[in-house]
Amino acid sequence: MFQKLKGFRDIYPESMRARRIVFDKINATAREFGFHEIDAPSVEHLELFRVKSGDEIVEQTFSFVDKGGRSITLIPELTPTVARMLASRKDLIKPVKWFSFPKMWRYEEPQSGRLREFYQFNADIFGVAGIEADAEVLALAMEILDSLGLKGKYEMRVSDRLLMEEILRKLGVERIEETFRVIDKRDKIPEEQFLGKLQDIAGSDAGLEISEILSVKGTVSEVLSKIGESERGEDLLELQELLAAYGKEITLDLSIVRGLAYYTGVVFEAHDSKGEFRAILGGGRYDNVVQLFGGEPTPAVGFGMGDAVLELIMKREGIWPEERMEVDIFVAIVPGFRKEATQIAMKLRKEGFRVDMDLTGRSLGKQLKYANRINARYAIIVGEEVREGKVVAKNMKSGGQRTVEIGKLKEVINEN
RNA sequence: GCCGGGAUAGGGUAGGGGCUAUCCUGGGGGACUGUGGAUCCCCUGACCCGGGUUCAAAUCCCGGUCCCGGCCCCA
């Protein structure tokens, strides 16, 4: 027997069905928000990923040299591809609102909520510099989680690079990039050591102040009241008010940095309220990326959400759909009536039912046992009575059955 | 890449040097070729891979693979 490759999953029908329900719901929500679905190649030039994110990304790719000597990789993220697509079409109607739910690959050590192959939902808005697009994207992200039944089970933490820069400048901090890098390490090193590093870069007083600002979390208004007068703060207040109109609430948490490699404004992460799992989704504004890929300078804001953490949290909350096979009708066949049964099965299929039928010729008892195992709602038994245009329709749940005219099958089955 | 814990039929498990590897469940068939979920019978089917120690290895040792989790990283 061959084993699976590390970090890859086999998905069997029972769990694929649950997955499909969740994925369809997510896609439907994106469509409700007026986003349009795209698809893209699973492989790209390795170089494409170096442009945006640098070498450490490249080391975590499934890459290879193809027969033409090109360095190729399975995509570890979608943003460079989307930016490439955007850059090569100048006739797109702005704002561009795209979503997609592709598979991606990252060569990392698997652990809870992290695999080597996974699905990641992506949604982006291009061409809007204002906070309205940030609000729309955040609202979509939250509506997706809410509609899946996670309302109240997660917290949307928002930070903002521009606000942070403004604060740091006011405090007289010059080494801004370096400060961000330290902030990113905040939860990974002891508190005292963190403060020490901050003070090394920003100075003793400023370091202390930054540390205090980082520990304040709450509504935008609450956090701003601790910070004082702020230009960017006005935008964030507007963001908060817009989101209120969408019926959504966010938490301002300035300790969120998100790698920050290319984010230029708002950044956000949705976290499990119980703090058990890693971030469910993350995103932000990245106004410089499209031009990096040769496009016109284009403001952009978006997010990505992997399926792994989402599945973990939904399972913990008991809201992951049931993992079972399902079919509407099983057509059982009495010997000698296969042709008639086939015609009836096809008729029901055309009417939109999910219809399975016996292919084995085994005993009726076995056929019904099979119907039971595949969770058929109804079994149709095709035998002698078909000569009078009738079949037996058996409700597999109640066990009740009646002989009905073929033409009336549809209503009988739709009764429950 | 590093660290910890695991791996026994399709799924869940017992057994920790010795005779035909335990039990539950599932799958196929039958009792019962026009009625499923029950019962009974039969069949099916496993010691992750490679090496070592030993008269003898599922069991002990080494290496690898995969799984679960943690670190780094998280695009």
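Order of the sequence lines sets the chain letters (A, B, ...), proteins ahead of strands, with each chain counted from 1. It should be emphasised that the depicted structure is a prediction, and the values quoted were computed from it without experimental measurement.
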Distance check, [atom1] atoms only: [N] and [M], in whole angstrom units.
{"N": "G26(B)", "M": "G12(B)", "atom1": "C1'", "value": "10 Å"}
{"N": "G45(B)", "M": "A9(B)", "atom1": "P", "value": "14 Å"}
{"N": "C24(B)", "M": "C42(B)", "atom1": "P", "value": "12 Å"}
{"N": "C47(B)", "M": "U39(B)", "atom1": "P", "value": "30 Å"}
{"N": "C60(B)", "M": "C74(B)", "atom1": "P", "value": "41 Å"}
{"N": "G10(B)", "M": "G4(B)", "atom1": "C1'", "value": "30 Å"}
{"N": "U33(B)", "M": "U20(B)", "atom1": "P", "value": "40 Å"}
{"N": "A75(B)", "M": "A7(B)", "atom1": "P", "value": "35 Å"}

In whole Å, I'd like the distance from the [atom1] atom of [X] to the [atom2] atom of [N].
{"X": "Met325(A)", "N": "G11(B)", "atom1": "CE", "atom2": "C1'", "value": "14 Å"}
{"X": "Glu59(A)", "N": "C2(B)", "atom1": "CD", "atom2": "C1'", "value": "15 Å"}
{"X": "Lys6(A)", "N": "C68(B)", "atom1": "NZ", "atom2": "C1'", "value": "12 Å"}
{"X": "Asn372(A)", "N": "G36(B)", "atom1": "CG", "atom2": "P", "value": "10 Å"}
{"X": "Gln3(A)", "N": "C67(B)", "atom1": "CD", "atom2": "P", "value": "8 Å"}
{"X": "Arg186(A)", "N": "C74(B)", "atom1": "CZ", "atom2": "C1'", "value": "19 Å"}
{"X": "Leu48(A)", "N": "A75(B)", "atom1": "CG", "atom2": "P", "value": "17 Å"}
{"X": "Ile333(A)", "N": "U35(B)", "atom1": "CD1", "atom2": "P", "value": "16 Å"}

Quiz item: For Asp235(A) and Arg232(A), what are the C-alpha separation, side-chain angles and deciding distance, and is it a salt bridge (charged side-chain N to carboxylate O under 4.0 Å, His left out)?
Solution: CA-CA 5 Å; Asp235(A) 290 333; Arg232(A) 177 60 172 172; 3.1 Å; yes
Side chain of [X] - closest among [options]:
{"X": "Arg278(A)", "options": "C73(B), A75(B), G36(B)", "value": "C73(B)"}
{"X": "Lys188(A)", "options": "C73(B), G34(B), A75(B)", "value": "C73(B)"}
{"X": "Met396(A)", "options": "G34(B), G36(B), U65(B)", "value": "G36(B)"}

Side chains of residues 300-308 of chain A: which donor-acceptor partners sit under 3.5 Å, not counting sequence neighbours?
residue, atom, partner, partner atom, Å
Asp307(A), OD1, Arg9(A), NH2, 3.4
Asp307(A), OD1, Tyr119(A), N, 3.0
Asp307(A), OD2, Arg9(A), NH1, 3.0
Asp307(A), OD2, Arg9(A), NH2, 2.8
Asp307(A), OD2, Arg19(A), NH1, 2.6

Exercise. Please evaluate the base of G34(B) for a donor-acceptor partner in the side chain of Glu385(A) within a cut-off of under 3.5 Å?
Key: yes
Practice problem: Look at the side chain of Gln401(A) and the base of U35(B), then say whether one donor and one acceptor between them are separated by less than 3.5 Å. | Solution: yes
Practice problem: Quick one: the dot-bracket string of RNA chain B, using Watson-Crick and G-U wobble pairs with both distances under 3.5 Å, [ ] for crossing pairs and | for bases paired to another strand. | Solution: (((((((..(((.....[....)))((((((.......))))))...(((((..]....))))))))))))....
Quiz item: Under the ring-ring contact (aromatic ring centres under 6.0 Å, His included) rule, what pairs show up with a residue in residues 318-376 of chain A, not counting sequence neighbours?
Solution: Phe330(A)-Tyr370(A)
Quiz item: Of Leu312(A) and Pro80(A), whose closest RNA chain B nucleotide lies nearer the 5' terminus?
Solution: Leu312(A)
Self-check item: Residue mapping more 5' on RNA chain B - nearest nucleotide basis, Leu5(A) or Lys185(A)
Solution: Leu5(A)
Exercise. Check RNA chain B against residues 107-117 of chain A and give the residues with a non-hydrogen atom under 4.0 Å, in numerical order.
Key: Glu108(A), Glu109(A), Gln111(A), Ser112(A), Arg114(A)
Could [X] and [Y] be called an ion pair, given the rule that one side-chain N must be under 4.0 Å from one carboxylate O?
{"X": "Arg161(A)", "Y": "Glu165(A)", "result": "yes"}
{"X": "Arg157(A)", "Y": "Glu155(A)", "result": "yes"}
{"X": "Arg285(A)", "Y": "Asp160(A)", "result": "no"}
{"X": "Asp146(A)", "Y": "Lys248(A)", "result": "yes"}

Quiz item: When rounded to the nearest 0.5 angstrom, what distance separates CD in Glu108(A) from CZ in Arg114(A)?
Solution: 4.0 Å
Quiz item: Looking at CD of Glu143(A) and CG of Leu148(A), how far apart are the two atoms once the value is rounded to the nearest 0.5 Å?
Solution: 9.5 Å
Self-check item: salt bridge (Lys or Arg N to Asp or Glu O under 4.0 Å) partner of Glu323(A), the single match among Arg20(A), Arg17(A), Lys315(A)
Solution: Lys315(A)
Quiz item: Any luck finding a side-chain donor-acceptor pair between His271(A) and Glu269(A) under 3.5 Å?
Solution: yes
Report which part of the nucleic acid [X] touches: base, sugar-phosphate, or nothing (heavy-atom distance under 4.0 Å, all strands).
{"X": "Gly282(A)", "result": "nothing"}
{"X": "Gly383(A)", "result": "base"}
{"X": "Gly283(A)", "result": "nothing"}
{"X": "Gln367(A)", "result": "nothing"}

Quiz item: Which heavy atom of Gly284(A) sits nearest a heavy atom of Phe268(A), and at what distance?
Solution: N-CE2, 3.6 Å
Quiz item: Would G16(B) be called syn or anti, given that syn covers angles within 90° of 0?
Solution: syn
Quiz item: For every nucleotide of nucleotides 26-32 of chain B, 5' to 3': is a protein heavy atom under 4.0 Å from its base (B), only from its sugar-phosphate (S), or from neither (-)?
Solution: SSSBB--
Quiz prompt | Phe118(A) and Arg106(A), any side-chain heavy atoms less than 4.5 Å apart | solution = yes
Listing, residues 93-103 of chain A side-chain donor-acceptor contacts under 3.5 Å, not counting sequence neighbours, or none:
residue, atom, partner, partner atom, Å
Lys97(A), NZ, Phe33(A), O, 2.8
Lys97(A), NZ, Glu136(A), OE2, 2.7
Ser100(A), OG, Ile38(A), O, 3.4

